[in-house]
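Structure first, commentary second.
Throughout, a chain's letter reflects where its sequence line sits, starting with A, and its residues are numbered from 1. We use all heavy atoms of the structure for the numbers below, so side chains are in, but hydrogens, waters and symmetry mates are not.
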2 protein chains.
Amino acid sequence: MNLSPLQQEFVLHFGEMGSRWGINRTVGQIYAVLFLSSAPLNAEAIQTALGVSRSNVSMGLKELQAWNLVRLRHLPDDRRDYFTTPDDLWEIVRTLVAERKKREIDPTLTKLRELQMQRPATAEDRHAHARMTELRELIELMTGWYDDVERLETERLIQLLTLGSKVRGMLDRMPAIPGLSRRETKEDEGGV
Amino acid sequence: MNLSPLQQEFVLHFGEMGSRWGINRTVGQIYAVLFLSSAPLNAEAIQTALGVSRSNVSMGLKELQAWNLVRLRHLPDDRRDYFTTPDDLWEIVRTLVAERKKREIDPTLTKLRELQMQRPATAEDRHAHARMTELRELIELMTGWYDDVERLETERLIQLLTLGSKVRGMLDRMPAIPGLSRRETKEDEGGV
DNA sequence: CCTGGATTTCAGAAATTTCTGAAACTAGGT
DNA sequence: ACCTAGTTTCAGAAATTTCTGAAATCCAGG
């Protein structure tokens, strides 16, 4: 398979962005090709489209599968593996967010909870401990919200996003929530 | 400066997470040390705390400054540069989100808009074009929402997040928004 | 229980990123 | 104008990540 100039440029861009997204160039390119393709593709088609080695494609597909970002399909009378991305972009976004949370947030939350078992001894440790508490609470607030929103069906989610600027007006009409001010009580400490 | 076991473990964790967050280990560790410290730190203190070279610290700080994640401070009668992270964690989150959007989303949005100037010729290109449109519209919807939320003062933002599960009930009481169904009209195409 | 197309694994090669020490630079004090 | 304490830059070294080709594995017929 070979790519049209339009596809080509999109794929190249995804490759370059790959590194910023925490995946490597080839994985980004493989994803881009699958994303644009109207039909499922097998490894060989991807290989020729991108001009990389067969094993590289295999590893890339494996990684994309680990991210739940591609679907394995089979065509009748063909035992090769074919891959697609979901037609529904919202499903892709949900997967992306869920997987990033799993990899980038959850381990830190676990670690913070674990570290908070220790009682701080010195003044400096008390400050560090307080700082970790603040961070943990903030992450918990955000992931709690995410858990709620994630369960919304897509129609509702779009509705919520479209609401956008109206959010402010709505909040104005709600009572302030007591006991949730911006900062907790704050201790001052000295020393370099 | 040397770190307590509590600080040490937090710093090491941040270092390891660094790679998943798109920054490198040392940068993650530098940030962690500054985040926990009750007082501003100079480069030498960071160097001894982490046991890395002076130039590495310098580069790390430079990168953190490029991300707007640290503040440069000066103490009286001392011409060394001291650094801190903001006391307010919400400010940190806002910066983080804004910078990641700038680096990870905006370039793609620009590229998509640019690619859409081209008129698709083949059937396959028409499909690719449609797919890009879908993606662009989705990103625009999400960044539009972000732009609104970003302007909320922190109290309101917390209110919004705390609302969480109540969101669903609220949305139920709102009229559905016409013309914004889940998927656009969808063309079917064949061929491998 | 072979055969042959297809996929996966793996060890080393290639490329990229990170880290370092030395040199260059900067600016306040005298 | 020249120290001097401090910071930044930079070229090469070290470490890490990515990529490849060859070999190993898998598995659906025959």
*Gln116(A) versus Thr133(A), side-chain donor and acceptor atoms under 3.5 Å*: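 Short answer, yes.
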_What I want to check is whether the side chains of Ser53(B) and Gln47(B) have a donor and an acceptor closer together than 3.5 Å._
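No donor-acceptor contact under 3.5 Å links the two side chains.
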In whole angstrom, give the distance that lies between atom [atom1] of [X] and atom [atom2] of [N].
X	N	atom1	atom2	answer
Asn42(A)	dG5(C)	CG	P	15 Å
His74(A)	dA28(D)	NE2	P	10 Å
Asp81(A)	dT7(C)	CG	C1'	7 Å
Glu63(B)	dT8(D)	CD	C1'	15 Å
Tyr82(B)	dT7(D)	OH	C1'	14 Å
Asp77(A)	dG5(C)	CG	C1'	15 Å
Asp78(A)	dG29(D)	CG	P	12 Å

*Are Leu138(B) and Phe14(A) connected, step by step, through hydrophobic side chains (Ile, Leu, Val, Met, Phe, Trp, Tyr) whose heavy atoms are closer than 4.5 Å?*
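Cluster IDs for Leu138(B) and Phe14(A) match.
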*Are Glu91(A) and Arg94(A) close enough for a salt bridge, meaning some N to O gap below 4.0 Å?*
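Result for this pair is no, no salt bridge flagged.
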*Is any side-chain N of the basic residue among Glu9(A) and Lys111(B) closer than 4.0 Å to the acidic one's carboxylate O?*
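A salt bridge is present here (some side-chain N lies under 4.0 Å from a carboxylate O).
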_Per-nucleotide protein contact string for nucleotides 15-21 of chain C (B base, S sugar-phosphate only, - none; heavy atom under 4.0 Å)_ = -S-SSBB
*With a distance cut-off below 6.0 Å to the six-membered ring centre and an angular limit of 45° from the axis, does Arg103(B) pair with Trp67(B) as a cation-pi contact?*
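The answer is yes, since Arg103(B) meets both limits relative to Trp67(B).
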*Does NZ or CZ of Arg131(A) come closer than 6.0 Å to the centre of the six-membered ring of Phe35(B), within 45° of the ring's axis?*
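Judged by the rule, Arg131(A) and Phe35(B) form a cation-pi pair.
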*Short side-chain to backbone donor-acceptor contact, His129(B) and Arg119(B), under 3.5 Å*: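 Flag not set: sc His129(B) to bb Arg119(B) has no pair under 3.5 Å.
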*Is any side-chain nitrogen or oxygen of Ser58(B) closer than 4.0 Å to OP1 or OP2 of dT7(D)?*
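No, because none of the side-chain N or O atoms of Ser58(B) sits under 4.0 Å from OP1 or OP2 of dT7(D).
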*asked:* Measuring to OP1 and OP2 of dT7(D), would you say a side-chain N or O of Lys62(B) lies under 4.0 angstrom away?
replied: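 Indeed not, no polar side-chain atom of Lys62(B) lies that close.
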*Quick one: pull up CG in Leu157(A) and CH2 in Trp90(A) and give me the separation to the nearest 0.5 Å.*
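Interatomic distance, Leu157(A) CG to Trp90(A) CH2, rounded to 0.5 Å: 5.0 Å.
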Output a table of nitrogen or oxygen pairs between the protein and nucleotides 28-30 of chain C separated by less than 3.5 Å.
none

